[in-house]
Amino acid sequence: MRLKFSQFLMLLLMIGGLMLGGCSTEKVVSNTSPASTATSKATEASSKSTAEAKISETSSESIPGMKDLPRLEGKATVVITVKGAPITIEVDGVNAPITAGNFVDLVQKGVYDGLAFHRVVRDPQPFVVQGGDPQSRDPKVPANSLGTGGYIDPKIGTERRIPLEIKPEGAEKPVYGQTIAQKPVLTHKQGAVAMARSQMPDSASSQFYFALADLGFLDGSYAVFGYVTDGFDVVNKIEQGDRIDSAKVTKGAENLKSPK
């Protein structure tokens with residue numbers, strides 16, 4: 001019984017670290033309440049019919065500022081190079097147009113070049129490799145301060161945040177601004193690439209993570225927007241503090257639609 005409790009506690013701590021840098025004023029370890037994640041899952045399951053009813057009601061028009069965000073209308077390929085080795089990602093704008101569009105837009109802007117992976121969790125079991133905090137470009141920023149930053153959009157002078165975007169299986173469009181109890185089209189299988197966020201659903205900015213194993217318990221709570229198609233062995237070798245040499249869009253750049 002003691003072993004089971006300790007394993008559960010560790011799982012909660014790991015999940016807690018994912019609710020991070022969407023809000024620059026919140027710290028990684030305190031942003032996510034794994035217990036609240038589990039509780040919300042139970043609540044969502046008990047009101048599944050209500051959630052399903054909202055799918056058709058939730059649209060881009062209901063999210064303030066949605067029309068001003070970049071979108072990916074189709075798919076794109078992004079190659080991230082770490083210590084000279086490439087990681088190929090297929091970014092899915094078909095099922096996650098806003099989340100994918102945000103990522104591809106930031107790649108094209110060079111936002112990820114030189115950033116560090118500030119969080120790597122492999123013990124007691126493979127979990128995630130996380131990066132994308134713009135603060136990590138400056139080596140003088142203390143390690144314990146990383147995981148709280150996001151992309152500052154020069155057009156608005158503040159942090160760009162995107163809504164939580166998850167498309168349930170069988171739905172025509174994604175659900176925005178809320179977690180879901182249904183199985184999503186894009187799941188947290190090994191190699192998934194998803195956005196980290198704070199406790200507020202619509203708080204993801206630039207931080208993302210690689211799933212090092214199948215993490216189905218995160219499905220419906222975090223937005224997956226692509227998968228590693230080549231170079232997962234490189235992901236498996238990333239250590240905390242390793243930096244992104246470069247991130248480039250190698251295919252599908254024409255699918256990115258930026259607001260005028």
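Given the structure is predicted, the values throughout are model-derived calculations rather than measurements. Residue indices begin at 1 and follow the sequence shown.
Pro168 and Lys173 get closest at one heavy-atom pair: CD-O, 4.1 Å. The minimum heavy-atom distance linking Ala204 with Met195 is given by the pair CB-CB, 4.0 Å. Scanning all heavy atoms of the two residues, the minimum distance from Gly101 to Leu256 falls at O-CD1, 3.5 Å. Nearest heavy atoms, Pro163 versus Met66: CG-SD, 3.5 Å. Pairing each heavy atom of Ile87 with each of Gly231, the nearest pair is CG1-O, 3.9 Å. Residues Ala96 and Leu186 approach most closely at CB-CD1, 4.1 Å, considering heavy atoms.
Here the side chain of Thr250 pairs no donor or acceptor atom with the backbone of Val79 at under 3.5 angstrom. Side chain of Arg197 to main chain of Ser221: a donor-acceptor pair is present (N/O by atom type, distance under 3.5 Å, no hydrogens or angles). Side chain of Thr77 to backbone of Lys251: no donor-acceptor contact under 3.5 angstrom is found. A side-chain donor-acceptor contact under 3.5 Å links Asp245 to the backbone of Gly84. In this structure, Arg122 contributes its side chain and Asn236 its backbone to a donor-acceptor pair below 3.5 Å. The closest donor-acceptor contact from the side chain of Arg119 to the backbone of Leu146 lies at 3.5 Å or more, if one exists at all.
Qualifying salt bridge (Lys or Arg N to Asp or Glu O under 4.0 Å) partners for Asp242, counting only residues two or more places apart in sequence or in other chains: Lys83. Lys109 meets the salt bridge (Lys or Arg N to Asp or Glu O under 4.0 Å) test with Asp105; sequence neighbours excluded. Checked against side chain to side chain contact (heavy atoms under 4.5 Å, CB included), Pro142 has the following partners two or more places apart in sequence or in another chain: Asn144, Ser145. With sequence neighbours excluded, the residues that form a side chain to side chain contact (heavy atoms under 4.5 Å, CB included) with Ile166 are Leu164, Ile180, Pro184. Shown here are the ring pair (Phe, Tyr, Trp, His ring centres under 6.0 Å) partners of Phe225, two or more places apart in sequence or in another chain: Phe103. Checked against side chain to side chain donor-acceptor pair (under 3.5 Å), Gln135 has the following partners two or more places apart in sequence or in another chain: Asp133, Thr148. For Asp92, the side chain to side chain donor-acceptor pair (under 3.5 Å) test picks out Asn95, with sequence neighbours left out. Contacts of Asp230 classified as side chain to side chain contact (heavy atoms under 4.5 Å, CB included), with partners at least two apart in sequence or in another chain: Thr88. Residues satisfying the side chain to side chain contact (heavy atoms under 4.5 Å, CB included) criterion with Val249, sequence neighbours excluded, are Val78, Val104, Val107, Gln108, Ala253. Under the rule for a salt bridge (Lys or Arg N to Asp or Glu O under 4.0 Å), Asp214 has no partner lying at least two apart in sequence or in another chain.
For the ring pair (Phe, Tyr, Trp, His ring centres under 6.0 Å) condition, no pair includes a residue of residues 241-260, sequence neighbours left out. Residue pairs that meet the ring pair (Phe, Tyr, Trp, His ring centres under 6.0 Å) test with at least one member in residues 226-260, sequence neighbours left out, do not exist here.
Note on ring orientation: taking the six-membered ring where Trp is involved, the planes of Tyr209 and His188 are parallel (angle under 30°, cut-offs 30° and 60°).
Under a hydrophobic clustering in which Ile, Leu, Val, Met, Phe, Trp and Tyr are joined whenever their side-chain heavy atoms come within less than 4.5 Å, directly or via other members, Phe117 and Val193 fall into the same cluster. The cluster map of Ile, Leu, Val, Met, Phe, Trp and Tyr, joined by side-chain heavy atoms under 4.5 Å apart, puts Val82 and Leu106 in the same cluster.
Contact of the Lys257 side chain with the Pro97 side chain is not registered, since no non-hydrogen atoms from C-beta on lie closer than 4.5 Å. Residues Gln178 and Pro201 are not in side-chain contact: their nearest non-hydrogen atoms beyond the backbone lie 4.5 Å or more apart. Side-chain contact between Pro70 and Arg160 is present, with heavy atoms from C-beta onward closer than 4.5 Å. In this structure, the side chains of Glu159 and Pro134 stay at 4.5 Å or more apart for every pair of heavy atoms. Counting heavy atoms from C-beta on, the side chains of Phe217 and Asp219 never come closer than 4.5 Å. Using a 4.5 Å heavy-atom cutoff, the side chains of Thr187 and Val224 are not in contact.
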Step-by-step side chain to side chain contact (heavy atoms under 4.5 Å, CB included) determination, Ile98 to Arg71: CA-CA 5 Å; Ile98 297 298; Arg71 301 174 63 93; 3.4 Å; yes
Leu69/Asn102 under side chain to side chain contact (heavy atoms under 4.5 Å, CB included): CA gap, chis, key distance, verdict: CA-CA 7 Å; Leu69 295 171; Asn102 176 70; 5.7 Å; no
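For the atom pair Gln207 CD and Leu115 CG, the distance stands at 9.5 Å (nearest 0.5 Å). One distance of note links CG of Asp153 with OG of Ser205; it measures 9.0 Å at 0.5 Å rounding. To the nearest 0.5 Å, atom OG1 of residue Thr81 and atom CD1 of residue Ile244 are 9.5 Å apart. In this structure, Ser258 OG and Asp68 CG are separated by 11.5 Å, a value rounded to the nearest 0.5 Å. Considering CD1 of Ile162 and CG of Asp202, their distance stands at 9.0 Å, rounded to 0.5 Å. How far CG of Leu215 is from CD of Gln190: 9.0 Å, rounded to the nearest 0.5 Å.
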